[in-house]
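By convention in this document, chain letters (A, B, ...) are assigned in the order of the sequence lines, proteins followed by strands, and residues within each chain are numbered from 1.
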Amino acid sequence: MDERYNPTKIEQKWQKAWEDAQLFKVELDPAKPKYYLMEMFPYPSGKIHMGHVRNYTIGDVVARYKKMKGHNVLHPMGWDAFGMPAENAAIANNSHPATWTYENIDYMRTQLKRLGFSYDWDREIATCRPDYYRWEQWLFLKMYEKGMAYRKEAYVNWCEPCQTVLANEQVEAGMCWRCGKPVQQKKLWQWFFRITDYAEDLLAHCDQLPGWPDKVTTMQKNWIGRSQGAEINFPVENSDTVIAVFTTRHDTVFGATFMCLAPEHPLVSQLARGTGQEAAIDAFIERISRQDRSSKALESYEKEGVFTGAYCINPMNGRRMPVYAANFALMEYGTGAVMSVPAHDQRDFDFAKKYGLDIVVVIDRPGDPLNASQMTEAYTEDGVMVHSDSFDGLANRDAMEQIADQLEARGIGRRAISFRLRDWGISRQRYWGAPIPVIHCPDCGIVAVPEQDLPIVLPEDVGLLDGGRSPLPGLDRFTRTTCPRCASPEARRETDTMDTFVESSWYFERYCSPHCDHAMFEREAVDYWMPVDQYIGGVEHAILHLLYSRYFTRVLRDTGLVQFKEPFTRLLTQGMVCKETMTCPEHGFLFPEQVRETDRGMACTLCGKAVVPGRVEKMSKSKRNVVDPNILLDQYGADTTRLFCLFAAPPERDLEWSDQGVDGSARFLNRVWRLAYDWHPRVAVVKPYDGRPDELEGDLRELYKKSHQVIDKVTRDIEDRFHFNTAISAVMELVNQMYGIDDTDRPQAAEVMRHALESAVLLLSPIVPHFAEEIWHNLGHGQSILLAPWPDFRQDALIQDEATIVVQVNGKLRSRFTASMGTGEDILKQAALTDEKVLKFIEGKTVRKIFVVPDKLVNIVV
RNA sequence: GCCUGGGUGGCGGAAUUGGUAGACGCAAGGGACUUAAAAUCCCUCGGUGUAAUACACCGUGCCGGUUCGAUUCCGGCCCCAGGCACCA
């Protein structure tokens, strides 16, 4: 055994040995229990960053642990390879998105290999390859056939000077990030998936995912946002038109005094016609259409609206209600129309105050009646119905049912359920994505590409146009085609590509049989491996990616391709790795090397201006606050890097990056190494002690018991809660105790030490596999440690003889003493009451009560 | 703004079911070894008071509550992070 721990040497050696032995290759094996472990695949952005290292280290530990526990473990890796950054990089470097992407994949693969992760690389996939996305196109056709994919008009961010669609990320304070000109909203025909068909089912099953964190299912439930209420029809005055409204508060319908329509509601222009309000309405719609339409922006706008000039009639009481176009009414939610009840809704109240509209109380506060003219805010609590005809006097909750009955009986409305969830818009007017496989024919309209013509390959020998515009619409050899139905030569291909979330919604099925060339996947492989037993990834994907994946699995099931509807049995959402950003007033986000220290603080090396330390945010390329793990790998090696990532924090917690502490992890491995080296001559020639602890004496018995306790602790930490940080500290305690063992030649010392050392190495092996493998082999084992069984602990070694009893007086710690385990309550009470230190606090006082927690604590109340 | 989390020493964190707050580690300070450095080993290390290692008080973002007892449960607030539908 080498005297010094040399990470570079042993990591290269074992990585090669594992590869030669195909240690991570996995095949379908019905004889073994399967375990499908998957981490979220990376976007090939250039280099692996610390967030990846953390994510994949967590996964690798679980994979190796499960393998040692005897499972047949599928642990794959791939690349989420389509997306916008590749286009941006191509523009910046005057190259092609594909070149950039494939180069990044090659580089990042070597980085992952250098970290020693146990992936079956034969299963690697990249979503930008036609052999992957052809099956996505195939599924799109199935969905189109079944009406699950459809087209409708929707808004996009549009930059007129650049003539291009912008992603939300490319809009900075309402301006185009390239040219700085204002961004407009433009309506385009786009493709959607009907995820709302599954809203009810996706919601209901949130409660049947016990292996998911509650916070994620809660977020998903709120995102889907089921509301129970009523749809009510309000006839427009002097017209056949009816405005349909969805409300959850139909108990307040008698208090509806005006109507608000979303600015893009089709009735807005129609109603304004001939009222003299056309100009005002047009101006309002025009102005709103220029605003950012993201929900966070919409929520921040001041409530405002414009009268359409039209009135509608409240069908319950005949009240004449002015109809407004208002910016807080959302076309995507409900029917796009809001019956406004200012007395009982705060937004409506603010709006009524602003425009001088009537406020009518219809639910009164019990015991303290409301006066509409004196209200300063809406009353949204429960109460008693007033000004509501025959419903007066009822509790509003009861009235809700009766009003719904009456709406249905009179045919002016019905009970209804509305969801916040909207259909999934998948069209992207971008180049670097999977082409949507449809053809536009002047005679037949939309025609699906015949299955045998798939894949529709993205042409690669093209460049991006000015401003990052997709070259596809102008690329004749791509767009020109003949109609598959009528053979018209005027037919044109769809030039929109699919949202990259589509690729990541089914890649876990593809991993089961990644080379399958006659279907999305081999049925047998998916039936064996799926669902994923454990999925691990960033909490930032808690809603969209996970919801889309759950939706896609339902689509696959209803297409008869799989038999389950939830893709991930257990989910671990790891916290983000964050770091402070550096911002220069002139150059924006700076790389650390662009910042230098001066007497007056940080300065930008480009312009010398003072740098503002920014906020601590998720590491991201665009914020220039990523840490390159290569520096750690060069300096410390893979095992120390892995160890440190896990030791720094429990996985679900956010981690603010700091280099401090890495030394400690390296030091620990060196300590273990030295211990193994020093004891090597003696432990290598004996078997690990395997007897009862009470046959040992003193420090050897304590060490032996400690080994078993640590095996128990580490196993529970990994199995139950993935708390590797506490697992590691438990092993550190064991190692510290091993250092305390006296080096004389007591016959059992070497055996007990061997047991302790083997235990420590086995427990550490999923975390620091190269390191553990080397010591394992030096102890005389011929096979990889990954093939060794996970250590067991013996119950009789966990038994403690004595307990420390804490004595409190009035809940404050005053003394402590030791007692043998299982000492009776009366004896403990007596011991506490006669304790010298305790006497000081109870002398002259009346003891009122004594609480005893056996083997733990006595609390004396005086 | 809305939804979801989080806030514990100088720092990362521990306390798993309401029962000893600060395990394990980092940094810092002191010491040993060494010609020296590195490495290693030992000691101290939440705050305040005091001659003190003994002792007392305070202390888990802030305010209040429940309880014999609260980092843990409840109510209100502050701050930070993530998501908010075209970043992935």
Nucleotide nearest [X] when distance is taken to its side chain, options [options]:
X	options	answer
A:D654	B:A56, B:A81, B:G5	B:A81
A:P650	B:A14, B:C58, B:A56	B:A14
A:N736	B:G7, B:C24, B:C86	B:C24
A:L857	B:C68, B:C84, B:G19	B:G19
A:T500	B:A88, B:C24, B:G19	B:A88
A:R667	B:A27, B:U16, B:G12	B:A27
A:R814	B:G13, B:A56, B:G82	B:A56
A:W223	B:C84, B:U4, B:A23	B:C84

Nearest-Å distance once atom [atom1] is located in both [N] and [M]:
N	M	atom1	answer
B:G46	B:G22	P	10 Å
B:C45	B:A23	P	11 Å
B:A21	B:C58	C1'	14 Å
B:G10	B:U60	P	13 Å
B:U72	B:U67	P	16 Å

Do A:D423 and A:Y150 have side-chain atoms, one donor and one acceptor, less than 3.5 Å apart?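 Yes - a donor-acceptor pair under 3.5 Å links their side chains.
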If only side-chain N and O atoms count, and only distance matters, is there a donor-acceptor pair under 3.5 Å linking A:Y333 with A:S227?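 Side chains of A:S227 and A:Y333: pair found under 3.5 Å.
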So, under a plain 3.5 Å distance rule, would you say the side chain of [X] forms a donor-acceptor pair with the base of [N]?
X	N	value
A:K713	B:U16	yes
A:R848	B:C68	no
A:Q190	B:C86	yes

If I take atom [atom1] in residue [X] and atom [atom2] in nucleotide [N], what distance separates them, rounded to the nearest angstrom?
X	N	atom1	atom2	value
A:N168	B:A88	CG	P	11 Å
A:H541	B:G82	NE2	C1'	11 Å
A:D80	B:C87	CG	P	13 Å
A:L643	B:C24	CG	C1'	12 Å
A:E172	B:C87	CD	P	13 Å
A:L421	B:C2	CG	P	21 Å
A:L675	B:U40	CG	C1'	14 Å
A:Y739	B:C24	OH	P	17 Å

So, for A:K845 and A:F841, which heavy atoms are closest and what is the spacing to 0.1 Å? NZ-O, 3.5 Å
In short, A:S427 meets A:D496 closest at the heavy-atom pair OG-OD2, 3.1 Å
Heavy atoms under 4.0 Å, any strand shown: does [X] hit a base, just sugar-phosphate, or nothing?
X	answer
A:V662	nothing
A:F851	base
A:F501	base
A:A542	nothing
A:V806	base
A:R671	sugar-phosphate
A:S665	nothing
A:Q170	nothing

Assigned chi class of B:G9 under the 90° convention is syn
Check whether any side-chain nitrogen or oxygen of A:N222 sits under 4.0 Å from OP1 or OP2 of B:U4, and answer yes or no. yes
A:K856 vs B:G69: side-chain N/O to OP1/OP2 distance below 4.0 Å: no
Strictly under 6.0 Å, is that where the ring centroids of A:F644 and A:W657 end up? yes
Centres of the A:F41 and A:Y507 rings: under 6.0 Å? yes
Which nucleotide, if any, forms a Watson-Crick or G-U wobble pair with B:C62, using both distances under 3.5 Å? B:G76
Just name whichever nucleotide pairs with B:U40, Watson-Crick or G-U, keeping both distances under 3.5 Å, else none.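 Pairing partner, where one exists within any strand: B:A32.
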Judged by nearest nucleotide, the residue sitting upstream toward the 5' end of RNA chain B, A:M576 or A:N810, is A:N810
Contact nearer the 5' end of RNA chain B, comparing A:G664 with A:R4: A:G664
Nearest 0.5 Å, what's the CE-CG distance between A:M219 and A:L544?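 Result: 11.0 Å between the selected atoms.
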